[in-house]
Amino acid sequence: LDIAEHNGLCSLFEHLINDCGDVWKMCHVAYEVTGMKEMQIESFYKHYDAFYIDNCDIIKKYKAKPFAKIEKCSEQDGIISQSLFQKCSHEISSNVYQDIQDMNDERSILQYLCAALVKIGDSCS
């Protein structure tokens, strides 16, 4: 990726997490929204090559954050739940990725991506 592409990817991640993720505030309390945003960042981080996104501010902030999560289920249940979420969100994000390849209008792409995040929140949680 050249610098412009890298900056665009970082901007896209930040927009998806911060702006689109704020849609969850309508139905969830702050700590739930934070957790959902962190899961989305983890998903992006695992899906995209770290080499390309490690220097994005949102990734740096996420990696620097000390995690003090209260475990609500067993480790095995957590692994199963995470696997199901990842499978679900990967299916949706893969379809979105293919669909936006032919789109040229930035606003339409952003709306489509935000709708996909809502769909992930509704379908994969």
Side-chain angles (χ1 to χ4, degrees):
L1 292 175
D2 65 22
I3 291 180
E5 290 172 322
H6 175 267
N7 290 342
L9 188 60
C10 290
S11 293
L12 177 62
F13 283 163
E14 290 203 27
H15 175 72
L16 288 172
I17 298 302
N18 293 325
D19 299 335
C20 298
D22 284 345
V23 170
W24 291 321
K25 289 179 180 177
M26 291 187 289
C27 302
H28 300 276
V29 294
Y31 78 90
E32 291 174 323
V33 172
T34 299
M36 294 165 80
K37 287 181 177 185
E38 288 172 355
M39 282 195 301
Q40 200 62 46
I41 292 169
E42 281 182 43
S43 179
F44 285 144
Y45 191 76
K46 290 176 183 174
H47 184 73
Y48 292 90
D49 189 347
F51 174 79
Y52 295 116
I53 63 172
D54 264 342
N55 289 322
C56 295
D57 287 341
I58 197 160
I59 299 294
K60 287 180 185 177
K61 288 176 189 172
Y62 170 75
K63 289 173 73 176
K65 183 177 180 181
F67 291 96
K69 294 183 179 177
I70 299 170
E71 297 300 325
K72 296 179 182 175
C73 56
S74 72
E75 185 175 344
Q76 183 176 1
D77 287 343
I79 291 169
I80 291 168
S81 177
Q82 185 177 22
S83 178
L84 291 171
F85 176 83
Q86 287 175 342
K87 181 179 179 187
C88 177
S89 63
H90 177 73
E91 184 178 319
I92 292 169
S93 61
S94 293
N95 289 336
V96 168
Y97 177 77
Q98 289 182 352
D99 291 347
I100 66 171
Q101 294 304 304
D102 297 326
M103 292 182 173
N104 295 320
D105 179 49
E106 183 178 336
R107 185 168 177 78
S108 295
I109 292 171
L110 291 175
Q111 288 176 338
Y112 197 77
L113 292 170
C114 288
L117 283 177
V118 170
K119 185 175 181 181
I120 288 171
D122 292 345
S123 304
C124 303
S125 301

K.L.:
Nearest 0.5 angstrom please: Ile17 CD1 to Cys56 SG, how far?
P.N.:
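Spacing of CD1 (Ile17) from SG (Cys56) equals 11.0 Å.
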K.L.:
For residues 85-95, dump all side-chain donor-acceptor pairs below 3.5 Å to protein atoms at least two apart in sequence or in another chain.
P.N.:
unit_1	atom_1	unit_2	atom_2	d
Ser89	OG	Phe85	O	3.0
Ser89	OG	Gln86	O	3.3
His90	NE2	Ser94	OG	3.3
Ser93	OG	Ser89	O	2.9
Ser93	OG	His90	O	3.2
Ser94	OG	His90	O	2.8
Asn95	ND2	Glu91	O	3.3

K.L.:
When clusters are formed by joining ILVMFWY residues with side-chain heavy atoms under 4.5 Å apart, either directly or through shared neighbours, do Ile41 and Leu12 land in the same one?
P.N.:
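Looking at the clustering, Leu12 is in the same group as Ile41.
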K.L.:
Name all residues meeting the side-chain hydrogen bond (donor to acceptor under 3.5 Å, both in side chains) criterion together with Asp105; count only those two or more places apart in sequence or in a different chain, and write none if there are none.
P.N.:
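Here the qualifying residues are Ser108.
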K.L.:
Would you give the length of the straight line joining atom OG of Ser43 to atom CD of Gln82, rounded to the nearest 0.5 angstrom?
P.N.:
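If we round to the nearest 0.5 Å, Ser43:OG and Gln82:CD are 9.5 Å apart.
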K.L.:
Provide the full list of disulfide bond (SG atoms under 2.5 Å apart) pairs with a residue in residues 14-44, sequence neighbours left out, each pair given once.
P.N.:
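Residue pairs passing disulfide bond (SG atoms under 2.5 Å apart), neighbours aside: Cys20-Cys114.
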K.L.:
Taking a hydrophobic cluster as the set of Ile, Leu, Val, Met, Phe, Trp and Tyr residues connected by side-chain heavy atoms closer than 4.5 Å, whether directly or through intermediates, do Met26 and Val29 fall within one such cluster?
P.N.:
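No.
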K.L.:
Once side-chain hydrogen bond (donor to acceptor under 3.5 Å, both in side chains) is applied, do any residues pair with Asp57, and if so which ones, sequence neighbours excluded?
P.N.:
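Result, side-chain hydrogen bond (donor to acceptor under 3.5 Å, both in side chains) vs Asp57: none returned.
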K.L.:
Do the side chain of Thr34 and the main chain of Ala30 share a donor and acceptor less than 3.5 angstrom apart?
P.N.:
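Judged by distance alone, yes, a pair lies under 3.5 Å.
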K.L.:
Under 4.5 Å between any side-chain heavy atoms of Leu110 and Leu16, yes or no?
P.N.:
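Side-chain contact under 4.5 Å: no.
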K.L.:
Starting at CG of Asp99, measure out to OH of Tyr112 and round the result to the nearest 0.5 Å.
P.N.:
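These two atoms lie 3.5 Å from each other.
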K.L.:
How about Gln101: does its CD atom have over 12 heavy atoms from other parts shown lying under 6.0 Å from it?
P.N.:
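Yes, CD of Gln101 has more than 12 neighbouring heavy atoms, counting only those of other groups under 6.0 Å.
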K.L.:
So, do Val23 and Leu117 sit near enough that their side-chain heavy atoms are less than 4.5 Å apart?
P.N.:
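They are not in side-chain contact.
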K.L.:
Taking the side chain as every heavy atom from C-beta outward, state whether Gln40 and Ile120 have any atom pair closer than 4.5 Å.
P.N.:
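Side chain of Gln40 against side chain of Ile120, heavy atoms only: contact under 4.5 Å found.
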K.L.:
Between CG of Leu113 and CE of Met103, what distance do you get to the nearest 0.5 Å?
P.N.:
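Going from the CG atom of Leu113 to the CE atom of Met103 covers 8.5 Å.
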K.L.:
Side chains of Tyr62 and Glu38, heavy atoms from C-beta outward: is any pair under 4.5 Å?
P.N.:
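Sidechains of Glu38 and Tyr62: in contact.
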K.L.:
Hey, quick one: are Met36 and Val118 part of the same hydrophobic cluster, counting side-chain heavy atoms closer than 4.5 Å, chains of contacts allowed?
P.N.:
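Per the 4.5 Å side-chain linkage, Met36 and Val118 are not co-clustered.
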K.L.:
Run the side-chain hydrogen bond (donor to acceptor under 3.5 Å, both in side chains) test against Tyr97 and tell me which residues pass, sequence neighbours left out.
P.N.:
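With sequence neighbours excluded, Tyr97 shows a side-chain hydrogen bond (donor to acceptor under 3.5 Å, both in side chains) to no residue whatsoever.
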K.L.:
Using the test salt bridge (charged side-chain N to carboxylate O under 4.0 Å, His left out), find all partners of Asp22 that sit at least two apart in sequence or belong to another chain.
P.N.:
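Listed in chain order: Lys25, Lys37.
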K.L.:
Rounded to the nearest 0.5 Å, how far apart are CD1 of Ile59 and CG of Asp54?
P.N.:
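So the gap between those two atoms works out to 7.5 Å.
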